[in-house]
Amino acid sequence: MVEMGVYNEKQREYDKEDFESLLSNIPAGVIIENESFEIEYMNEFMTRIFGNRVGKKCYELFAGRNNPCNPCPVDTIVKQGTGIFRYTTAGRDGGFYEIIASPLHHPDGSLSIIEIVRDITEQQKLDQMKNDFIHVVAHEMRTPLAAVIGFGDLLSLHSENLTDKQKYYIESIKNNSYKLKQLIDDLLDLSYLDAGMLKLEYDSVHLYEIVSEVLARRQLLIAEKNHEIDINISPALIIECDRQRITRVMENIIFNAIYYTDIDGKIRITAADHGDHILVSVSDNGIGISETDMPRIFDRFYMVDSSLTRHCDRIGVGLTMAKGYIELHGGEMWADSEIGMGSTFYFTLPKCKMNDDKHDCCRRDPCM
Ligand code: ADP
């Protein structure tokens with residue numbers, strides 16, 4: 001007999017057969033594979049969708065490939081031996097599946113990977129409808145907004161005979177219409193990212209220049225908060241990237257570091273050259289992020305405490321977009337944080353263009 005979890009007298013005891021029936025009847029897939037990506041076990045849910053593929057490699061099952069995906073979530077778990085990995089994949093049946101993978105340590109010291117597979121096809125369809133809606137609305141708002149911005153600019157060009165109050169109104173129209181434009185551009189970029197339609201415009205860029213521009217734009221806030229900013233980036237460091245998008249990434253994580261750090265804070269911005277890629281980090285000694293919020297901060301529209309951001313035109317898409325832009329460049333983005341102690345946001349960027357014929361180092365073909 002097997003006891004489940006903490007003993008409680010009302011709790012039933014389950015034997016091996018009960019577990020087999022339980023695994024067969026749960027409305028989710030369970031799959032176990034070994035360190036060589038070979039499938040060792042599939043429950044009925046999985047067999048119904050994919051057929052019995054025990055003994056086959058997971059990349060054949062999910063991605064219909066002959067070699068491991070790059071990057072490979074299973075490989076990451078095997079290398080780390082700990083951790084949970086969440087990713088989504090398209091099934092051979094045309095559906096979409098969310099897979100949560102974690103290590104399964106056997107008493108003999110060997111390691112398998114257990115994956116829980118959830119059918120998210122319906123959720124994906126609803127998501128698609130929501131994204132289409134956002135895309136259409138954002139697109140339709142662009143034309144009338146261009147008129148507001150254009151006439152606002154024109155008014156301010158001919159404002160010399162206006163009263164201070166009238167000039168203030170015009171400035172207010174201009175500032176707010178520019179903010180609205182930024183918001184609409186972000187929403188459109190997000191929908192293009194989702195649809196895999198965002199095209200990067202590569203350029204040779206000095207990262208130091210981007211950081212200096214971003215800091216110059218936030219000079220007032222930095223002075224108001226009396227933050228100490230330490231930049232450790234070589235002015236000679238050049239990367240091939242989409243200047244506008246990487247500027248948005250830096251703008252977002254630097255603004256967050258300034259905003260979520262109390263007065264007299266310390267912010268450190270570094271970039272280390274690792275040969276074929278660079279590692280950038282922005283750390284602060286601000287309010288930090290709790291363990292509960294941490295897994296969700298890159299989710300769209302997620303704000304830990306909206307009362308903190310209500311007055312600064314943020315809608316919780318900054319990190320979602322930053323991660324999307326970095327991944328599109330072939331890099332990765334993640335964060336470390338401790339509540340009350342501060343946060344560090346990291347990203348890597350290949351130094352050369354993704355899938356450039358001249359550079360094998362940056363060729364990737366992700367399955368996720
Ligand atoms: P927004 O676009 O609204 O700023 P983000 O996607 O940039 O949203 O950030 C999501 C949430 O992550 C924020 O609402 C904030 O609570 C948290 N966050 C981001 N950066 C930091 C940081 N440096 N320190 C503390 N919290 C942060």
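All values below were derived from every heavy atom in this structure, side-chain atoms included, with hydrogens, water molecules and symmetry-related copies excluded. Source: prediction; values computed, not measured. All ligand and atom numbering here is 1-based and tracks the order in the structure.
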Min heavy-atom dist Gly286 to ligand 1 below 4.0 Å = no

Mode of Asp284 contact toward ligand 1 - side chain, backbone, both, neither (heavy atoms, under 4.0 Å) = side chain

message = Here's a test for you: under side chain to side chain donor-acceptor pair (under 3.5 Å), which of His135, Lys130, Gln128 qualifies with Asp132?
response = Gln128

query = For Ile287, is at least one N or O under 3.5 Å away from an N or O on ligand 1?
reply = no

Six-ring centre of Tyr259, Lys225 cation under 6.0 angstrom, axis tolerance 45° = yes

task = State which residues pass salt bridge (charged side-chain N to carboxylate O under 4.0 Å, His left out) with Lys56; sequence neighbours excluded, sorted by chain then number.
result = none

message = Please state which option from Tyr260, Phe345, Tyr302 has its nearest heavy atom closest to atom 25 (C) of ligand 1.
response = Tyr260

task = Kindly work out whether a path of hydrophobic side-chain contacts (I/L/V/M/F/W/Y, heavy atoms less than 4.5 Å apart) joins Ile120 to Val30.
result = no

remark   = In ligand 1, the atoms that come under 4.0 Å of a heavy atom of Ile297 are 10 (C), 12 (O)

task = Determine whether the side chain, the backbone, both or neither of Ile253 has a heavy atom under 4.0 Å from any heavy atom of ligand 1.
result = neither

query = Sequence neighbours excluded, which residues qualify as side-chain contact (heavy atoms from CB on, under 4.5 Å) partners of Lys57?
reply = Ser36, Phe37, Glu38, Tyr59, Glu60

ask   = Any idea which part of Ile289 is under 4.0 Å from ligand 1, heavy-atom wise: side chain, backbone, both or neither?
value = side chain

Over 12 non-hydrogen atoms of neighbours within 6.0 angstrom of CE in Met141 = no

CD1 on Ile326 to OG1 on Thr348, rounded to 0.5 Å = 7.5 Å

note = Quick note on ligand 1: atoms under 4.0 Å from a heavy atom of Asn252 include exactly 7 (O)

message = If I apply the N/O under 3.5 Å rule, does Gly288 come out as touching ligand 1?
response = no

request  = Show which atoms of ligand 1 fall inside a sub-4.0 Å distance from at least one heavy-atom site of Val304.
outcome  = 14 (O), 16 (O), 17 (C)

